[in-house]
Colleague: 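Questions regarding the structure given below will be posed in turn.
Below, chains carry the letters A, B, ... as their sequence lines are ordered, and counting in each starts from 1. Values below: every heavy atom of this structure, side chains too, minus hydrogens, waters and symmetry copies.
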Amino acid sequence: MKKEPIRLVLPASEETLRALRIGDEVLITGTVVTARDMAHKYMVEKKPDSLRDILTGGLIYHCGPIMVKEGDGWRIVSAGPTTSSREEPYQADVIETYRLAGVIGKGGMGEKTSAGLKKCGAVYFHAVGGAGTLLAKRVKKVREVRMLEEFGVPEAFWVLEVVDFPVVVTMDSVGGSLHREVLEASSIQRKELLGL
Amino acid sequence: MPGFVEWGLELVRRASSDLSPDVEAVVRRGRDAEPEGSTARNVLDSILENVEMSRADGTPICQDTGLTSFFVHLPKGYDAEAIRADLQEAIRQATKLGYLRPNSVHPITEKNTGDNVGVDLPHIEFEPAADDAVTIDLILKGGGSENCGAQYRLPDASIKAGRDLAGVERCVIDAVHKAQGQGCAPGILGICIGGDRAGSYMGAKKQLLRHLDDVNPDPKLAELEATLLSKCNQLGIGPMGFGGLTTLLGVKIGWMHRHPASFFVSIAYCCWADRRRRLVVRDGVAQVL
Ligand code: SF4
């Protein structure tokens with residue numbers, strides 16, 4: 001039986017976000033903003049207020065897309081998630097500063113982020129790693145870009161309007177982590193296979 | 001007349017946007033094995049849908065088009081340096097056209113060359129060809145999966161691994177467990193037993209050139225490949241590390257002679273987006289396989 005995915009429209013109420021649980025499959029509609037390593041360092045060190053209009057109530061997406069310039073605008077070609085754990089030192093801080101609904105990435109994050117999600121009622125969503133073309137097609141509009149000159153294409157803040165962007169909740173606001181669960185279960189298997 | 005710049009460009013385009021059918025077939029088998037309605041199955045469905053879309057549109061399967069490595073077999077009479085320059089030019093053009101993302105960062109200044117050409121980038125190796133055809137194998141290997149590679153030095157008491165195939169087996173299970181879903185599981189392993197540190201890692205990477213449906217000519221290694229595939233899939237890590245039956249798609253093992261004092265086991269982890277293609281040029285006619 002195929003579970004029907006949950007539709008999430010941003011901005012969403014804290015109650016809606018707090019109701020999401022690990023394992024939920026979700027289709028996101030709304031604004032997401034790409035941010036990778038340089039962007040996270042910048043947000044934590046400078047805390048610029050000028051980013052609030054694009055971030056508050058929205059999602060940060062760990063992604064360095066392939067973009068092609070077309071006339072005055074940009075076309076998004078391929079845009080899957082990048083490894084989230086590199087932002088672990090910054091993420092909880094960024095979520096709280098900008099009151100994010102959460103983040104989208106891949107590979108999951110650690111305990112500090114988990115505590116941040118709990119505190120702010122935010123969620124970690126996992127997109128399918130490598131599904132660059134499929135995910136780019138769910139971006140209906142590239143609204144704008146910030147810090148392009150300073151950071152370059154993969155690291156800039158791309159403000160994207162997405163429709164039915166497919167993700168799975170792998171860390172929720174009650175401290176749940178699918179990554180922790182799978183790690184624990186597979187550790188038991190490893191011990192058995194290795195006879196340790 | 002087209003030459004190695006044009007052919008190289010087409011090789012990159014195919015590698016980046018058109019997943020090799022042997023990989024796709026194993027993803028499909030994994031998908032069919034996962035229970036209906038499971039997240040694992042849905043993830044593999046998305047992967048297959050993405051593969052089809054990328055092929056139809058000619059767009060990169062994954063936005064991380066990785067680091068580029070060419071392995072060239074060259075008959076007598078060809079100028080290797082000219083081919084090197086042509087392949088570099090092909091990479092520059094491919095980057096401009098969006099087949100590749102600029103992935104060449106200076107480790108000290110942090111500056112990206114912007115065109116995927118730099119020191120040892122693209123990596124190009126030449127070997128003499130067995131016949132009169134030029135063959136060029138290309139791998140695009142993403143950073144997330146490269147980070148999951150590992151090298152063990154046996155014996156390793158922490159995993160009770162001795163200097164034998166049973167020890168090799170333990171290293172591989174341990175490495176796949178450590179990787180979890182981080183390398184965009186389900187993954188493909190290239191493994192090299194023996195060699196020195198550097199050679200062993202490269203030997204492992206070259207195993208990734210083998211097609212998933214080939215059979216290792218050494219029966220002992222063929223058996224180990226099958227055993228490891230089945231055991232690692234018992235770890236339950238599953239697609240993207242969400243849990244499931246499909247943790248690995250394939251295991252390929254090679255070896256090199258070793259120094260009596262060293263016994264290395266090197267593991268190259270490749271994500272499901274195993275982008276490799278081969279260009280064959282015979283009598284001036286080029287074909288991408
Ligand atoms: S590990 Fe592979 S599929 Fe995943 S993001 Fe990197 S290149 Fe893409």
Side-chain angles (χ1 to χ4, degrees), chain A residues 1-5 22-25 37-38 63-69 75-86 106-108 126-137 152-155 166 168-170 178-179 181-183 185-196, chain B residues 16-17 36-39 41-43 46-47 49-51 53-57 59-65 97-103 112 114 142-144 147 159-161 169-170 173-174 176-177 180-185 231-232 234-243 247 271-273:
Chain A
M1 253 248 323
K2 198 173 161 94
K3 211 171 32 171
E4 274 308 303
I22 58 170
D24 285 348
E25 294 179 30
D37 311 64
M38 290 182 193
C63 168
I66 298 182
M67 308 292 299
V68 173
K69 180 116 207 171
R75 182 166 57 91
I76 189 158
V77 177
S78 195
T82 188
T83 304
S84 297
S85 57
R86 293 192 307 266
K106 80 168 174 95
H126 198 302
V128 174
T133 301
L134 182 141
L135 294 171
K137 278 188 194 278
V153 169
E155 302 272 344
V168 177
V169 175
T170 59
L178 185 60
H179 305 283
E181 286 185 5
V182 171
L183 177 64
S186 64
S187 298
I188 295 169
Q189 287 296 322
R190 170 188 172 274
K191 271 201 165 158
E192 242 166 58
L193 287 165
L194 297 182
L196 293 176
Chain B
S16 169
S17 64
E36 191 142 347
S38 64
T39 303
R41 186 167 176 142
N42 294 344
V43 166
S46 293
I47 286 176
E49 196 185 337
N50 180 62
V51 166
M53 284 176 169
S54 306
R55 185 175 291 140
D57 295 1
T59 49
I61 295 167
C62 178
Q63 77 291 336
D64 181 5
T65 54
L97 291 169
Y99 304 160
L100 297 176
R101 188 181 72 183
N103 277 348
N112 195 320
N147 288 345
I159 51 170
K160 288 198 198 152
E169 194 178 307
R170 288 169 166 273
I173 292 169
D174 186 60
V176 172
H177 174 262
Q180 292 288 303
Q182 295 284 342
C184 287
K231 286 198 176 169
C232 290
Q234 288 170 36
L235 287 169
I237 294 164
M240 295 300 130
F242 295 168
T247 300
C271 49
W272 67 263

Colleague: Indicate yes or no for a side-chain donor-acceptor contact from B:Trp272 to the backbone of A:Gly130 under 3.5 Å, with no hydrogens or angles considered.
Modeller: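 No, the answer is negative, given that no donor and acceptor are paired below the 3.5 Å cut-off.
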
Colleague: Is B:Asp64 in contact with chain A via its backbone, its side chain, both, or neither, using a 4.5 Å heavy-atom distance?
Modeller: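 It is neither, since no heavy atom gets under 4.5 Å.
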
Colleague: Looking only at non-hydrogen atoms, find the nearest pair between A:Ser186 and B:Gln180 and report the distance.
Modeller: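 For A:Ser186 and B:Gln180, the tightest heavy-atom pair comes out as OG-NE2, 2.9 Å.
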
Colleague: Under a 3.5 Å cutoff, is there a donor and acceptor pairing between the side chains of A:Ser78 and A:Thr133?
Modeller: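 Looking only at side-chain atoms, A:Thr133 and A:Ser78 do not form any donor-acceptor pair under 3.5 Å.
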
Colleague: Name the option with the most non-hydrogen atom pairs under 4.5 Å to chain B; the candidates are A:His179, A:Glu181, A:Lys106.
Modeller: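 Of A:His179, A:Glu181, A:Lys106, A:Lys106 has the most heavy-atom pairs under 4.5 Å with chain B.
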
Colleague: Which bit of A:Pro81 is near chain B, if near means a heavy-atom gap under 4.5 Å: side chain, backbone, both or neither?
Modeller: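 Just the backbone, heavy atoms under 4.5 Å.
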
Colleague: Check for a donor-acceptor pair, side chain of B:Gln63 on one end and backbone N or O of A:Gly132 on the other, with a separation under 3.5 Å.
Modeller: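 No.
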
Colleague: So which of A:Leu183, A:Val153, A:Ile188 has the biggest tally of heavy-atom pairs under 4.5 Å with chain B?
Modeller: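 Winner by heavy-atom pair count: A:Leu183.
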
Colleague: Only pairs of heavy atoms separated by less than 4.5 Å count here; which of A:Arg190, A:Met67, A:Gln189 has the most with chain B?
Modeller: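 The candidate making the most pairs under 4.5 Å is A:Arg190.
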
Colleague: Using non-hydrogen atoms and a 4.5 Å limit, figure out which bit of A:Ala131 sits close to chain B: side chain, backbone, both or neither.
Modeller: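 Both parts, heavy atoms under 4.5 Å.
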
Colleague: Quick check on B:Thr65 against chain A: is it the side chain, the backbone, both or neither that has a heavy atom closer than 4.5 Å?
Modeller: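 Side chain only.
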
Colleague: Can you tell which of B:Asn147, B:Ile47, B:Asp57, B:Thr247 has the highest number of heavy-atom pairs within less than 4.5 Å of chain A?
Modeller: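 Of the candidates given, the most pairs with chain A belong to B:Asp57.
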
Colleague: Got a sec, which residues hit side chain to side chain donor-acceptor pair (under 3.5 Å) with B:Ser46, two or more places apart in sequence or on another chain?
Modeller: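 By the side chain to side chain donor-acceptor pair (under 3.5 Å) rule, B:Ser46 matches no residue at all.
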
Colleague: Quick check for you: among B:Gln182, B:His177, B:Arg101, which has the greatest number of heavy-atom pairs under 4.5 Å with chain A?
Modeller: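 Of the options given, most contacts go to B:His177.
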
Colleague: Under 4.5 Å from any heavy atom of chain A, what part of B:Ile61 do you find: side chain, backbone, both or neither?
Modeller: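 Contact with chain A is through both the backbone and side chain of B:Ile61.
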
Colleague: Roughly how far, to the nearest 0.5 Å, is CG of A:Leu178 from CG of A:Asp24?
Modeller: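 Taking CG in A:Asp24 and CG in A:Leu178, the distance rounds to 11.0 Å.
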
Colleague: Does A:Arg75 have any salt bridge (charged side-chain N to carboxylate O under 4.0 Å, His left out) partners at least two apart in sequence or in another chain, and if so, which?
Modeller: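 Here the qualifying residues are A:Glu70.
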
Colleague: What residue, out of A:Ser187, A:Ser85, A:Pro154, A:Pro166, has the most heavy-atom pairs lying under 4.5 Å from chain B?
Modeller: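 The candidate making the most pairs under 4.5 Å is A:Ser187.
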
Colleague: A:Val182 versus chain B, heavy atoms under 4.5 Å apart: side chain, backbone, both or neither?
Modeller: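 Its backbone and side chain both get close to chain B.
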
Colleague: For the atom pair CG (B:Asn42) and CD (B:Glu36), what is the distance rounded to the nearest 0.5 Å?
Modeller: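 Here the rounded value is 9.5 Å.
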
Colleague: Against chain B, label A:Ser84 side chain, backbone, both or neither, depending on which of its atoms sit under 4.5 Å from a heavy atom there.
Modeller: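 Nothing of A:Ser84, per the 4.5 Å heavy-atom cut-off to chain B.
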
Colleague: Please report the closest heavy-atom contact between A:Ala79 and A:Ala136, naming both atoms and the distance.
Modeller: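 Heavy atoms of A:Ala79 and A:Ala136 come nearest at N-CB, 4.0 Å.
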
